[in-house]
Amino acid sequence: MEDLITLENIDAGYNGVKIIENISLSVKENDFLGIIGPNGGGKSTLIKVILGLIKPYKGTLKIRKGSKFGYLPQFTSADRKFPISVQETVISGLLSNKRLFRSFSKKDLENAELLMKKLEIFDMRKEPVGELSGGQMQRAFLCRAMVSNPDILVLDEPNSFVDKGTSSDIYKILLELNSKMAILMVSHDTGVISSYVKNIACVNKTLHYHPGSDITDKMLDKYSCPVELIMHGPIPHRVLRTHQNGGKK
Amino acid sequence: MIEILQYPFFLKALLTAFMTSILCGLIGSYIVSRRIVFIGGGITHTSFGGIGLGYYLGVNPVITAAIFGVLSAIGIKAASDKADIREDSAIGIFWALGMALGIIFIYLTPGYAPDLMTYLFGNILMVSMTDIYIITGLGIVASAVFYFLFNEIHSIAFDEEFAKTQGIRVNLINYTLISLVALTIVFNIKVVGIILVMSLLTIPQTAASVITKNFKTMIFLSIIIAVISSFAGLVISYYFNIPSGASIIFSSVIIFVIIKLFYNLRRKKR
């Protein structure tokens, strides 16, 4: 079967400065790829290349024909005072399903309603999105990303601003969606990564691909990814590892 | 009050004000919510170069101004998107260039430019039937674009990057809208003048945004506020014998202040 996404020897960055280098990656249907790495390592840049928001300097990018994207940006460039309601924001995620000059299908609108209920933002659907709290806004944007039932769902730090309870609700929804679509997720929360994702990519200028979802100490050490390590055990506990080259940036 | 309605010139002015209010209410809501007021200022002043060129070549200055306006709109966008010049710097350069070219062309034109003041300060009574037809036609085109592409325009204006990932033709829609903005500005220069035209595109809309946070409602309210302030401005202009452009803008500011004060008081009470 043809891969959904194929990157070959991609170099990319901003204003002529190379941020990622010689990256090759392929994502298959129903993959759940966790993308980890240090700040400034190029995780978001990689995602933007895949989404077609940045043209790579070098290399080839292939997306399977007709694939639709869902996208949750890390920092939304959105203006908090912009006149748009929660519902309108969510529905704007359906534009890829809609032909120009046509209106939305009934099925799509019902799906939007269902998703808003699931993520508990249905009651505030008429409110301006800019007046929501950080966590509520994040859920509205998550709704927008998922509502079209995309083929590829790209999430840049979906758990920021969201409390732990909501966070695990979100991951439950993601696991459900994963049977229908491939998911690419950037996260610092390696505990979450190792319990939900199928494969891991570590990005620090270059990319190291790890089939399977176990994050090992060695793996982090070798590629100098200052991320936290989670130990699975009877009593939940966290162990934070320091790296030789300094965990802090 | 009834007596002034007997003058055909005044009825024509009312019609102009009405058509202008619809067009500006719509386009201005886009300008204000997208925060491109300063781009509008750039386009307005660049089009002065076109007015100068029109005088120099002996053609209708509105036509050359329209060309300058649209080119500057596209130029400002392209300079910031492609040439890596910061948007506000690009606006500043176009702004100054347009004014400089205008001055040069008018200086080079022999004789005195008789209605130059009309372009600077506007005179709704000088508007011809052709101008009214153009403003009406532009209003129809703009309304159609917003009617059919409302969701796309709304989404791009809110979050352009996300819209790009959804396969929306962001650039095409952006350039179409910025051209509509430029044409709206240029064809309203005769009504209130270069110096005041941006106020028609910002004051009623800002007043509307105090009342509502819904984009569609904002468009309708802007149109209503614009109609009221231009009608009031015309009446004031007639009775106090002052330039109509200035009195229209003055009325709209008064309406804005009243709405703002009323809403601030109401919020405090709650």
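Here is how names work: the chains are called A, B, and so on, in the same order as the sequence lines, proteins then strands, and each is numbered from 1. Hydrogens, waters and symmetry mates are skipped; everything else that's a heavy atom, side chains included, is used.
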Would you say that B/K213 contacts A/F82 through its side chain, given a criterion of any heavy-atom pair below 4.5 Å between the two side chains?
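A side-chain contact is absent here, since even the closest heavy-atom pair is not under 4.5 Å.
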
Any non-hydrogen side-chain atom of B/F162 less than 4.5 Å from a side-chain atom of A/L72?
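Not touching, per the 4.5 Å side-chain cut-off.
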
Please determine whether a side-chain nitrogen of the Lys or Arg among A/R144 and B/D159 lies less than 4.0 Å from a carboxylate oxygen of the Asp or Glu.
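The answer is yes: the pair qualifies as a salt bridge.
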
Chain A contact via B/A157 - which portion, at a heavy-atom distance below 4.5 Å:
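Both backbone and side chain.
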
Atom group of B/R169 that falls short of 4.5 Å from chain A, counting heavy atoms:
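B/R169 has no heavy atom closer than 4.5 Å to chain A.
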
Proximity of residues 139-149 of chain B to chain A, residues having a non-hydrogen atom under 4.5 angstrom:
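Interface residues of residues 139-149 of chain B: B/F148, B/L149.
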
Chain B heavy atoms under 4.5 Å from [X]: which part of the residue, side chain, backbone, both or neither?
| X | value |
| --- | --- |
| A/E88 | side chain |
| A/L53 | side chain |
| A/N97 | neither |
| A/V129 | side chain |
| A/K126 | neither |

Inter-residue atom distance [X].[atom1] - [Y].[atom2], 0.5 Å rounding:
| X | Y | atom1 | atom2 | result |
| --- | --- | --- | --- | --- |
| A/S92 | B/I156 | OG | CD1 | 10.5 Å |
| B/T165 | A/I152 | OG1 | CD1 | 11.0 Å |
| A/S85 | B/N214 | OG | CG | 7.0 Å |
| B/S155 | A/I84 | OG | CD1 | 6.5 Å |
| B/S209 | A/K81 | OG | NZ | 8.5 Å |

Over 12 non-hydrogen atoms of neighbours within 6.0 angstrom of [atom1] in [X]:
| X | atom1 | result |
| --- | --- | --- |
| B/Y133 | OH | no |
| B/F18 | CZ | no |
| B/F250 | CZ | no |
| B/F220 | CZ | no |
| A/K58 | NZ | yes |

When only pairs under 4.5 Å are counted, which of A/G93, A/P150, A/G52 shares the most heavy-atom pairs with chain B?
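Heavy-atom pair counts peak at A/G93.
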
Taking all non-hydrogen atoms of both residues into account, name the closest pair between [X] and [Y] and its distance.
| X | Y | result |
| --- | --- | --- |
| A/Y71 | B/E161 | OH-OE1, 3.9 Å |
| B/N151 | A/F104 | ND2-CE1, 3.4 Å |
| A/S96 | B/Q166 | OG-OE1, 3.2 Å |

Between B/K216, B/R35, B/M218, which has the largest tally of heavy atom pairs under 4.5 Å with chain A?
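If we count pairs closer than 4.5 Å to chain A, B/R35 comes out on top.
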
Closer than 3.5 angstrom, by distance alone: can the side chain of B/H154 be matched with the main-chain N or O of A/T89 as a donor-acceptor pair?
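A pair under 3.5 Å: no.
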
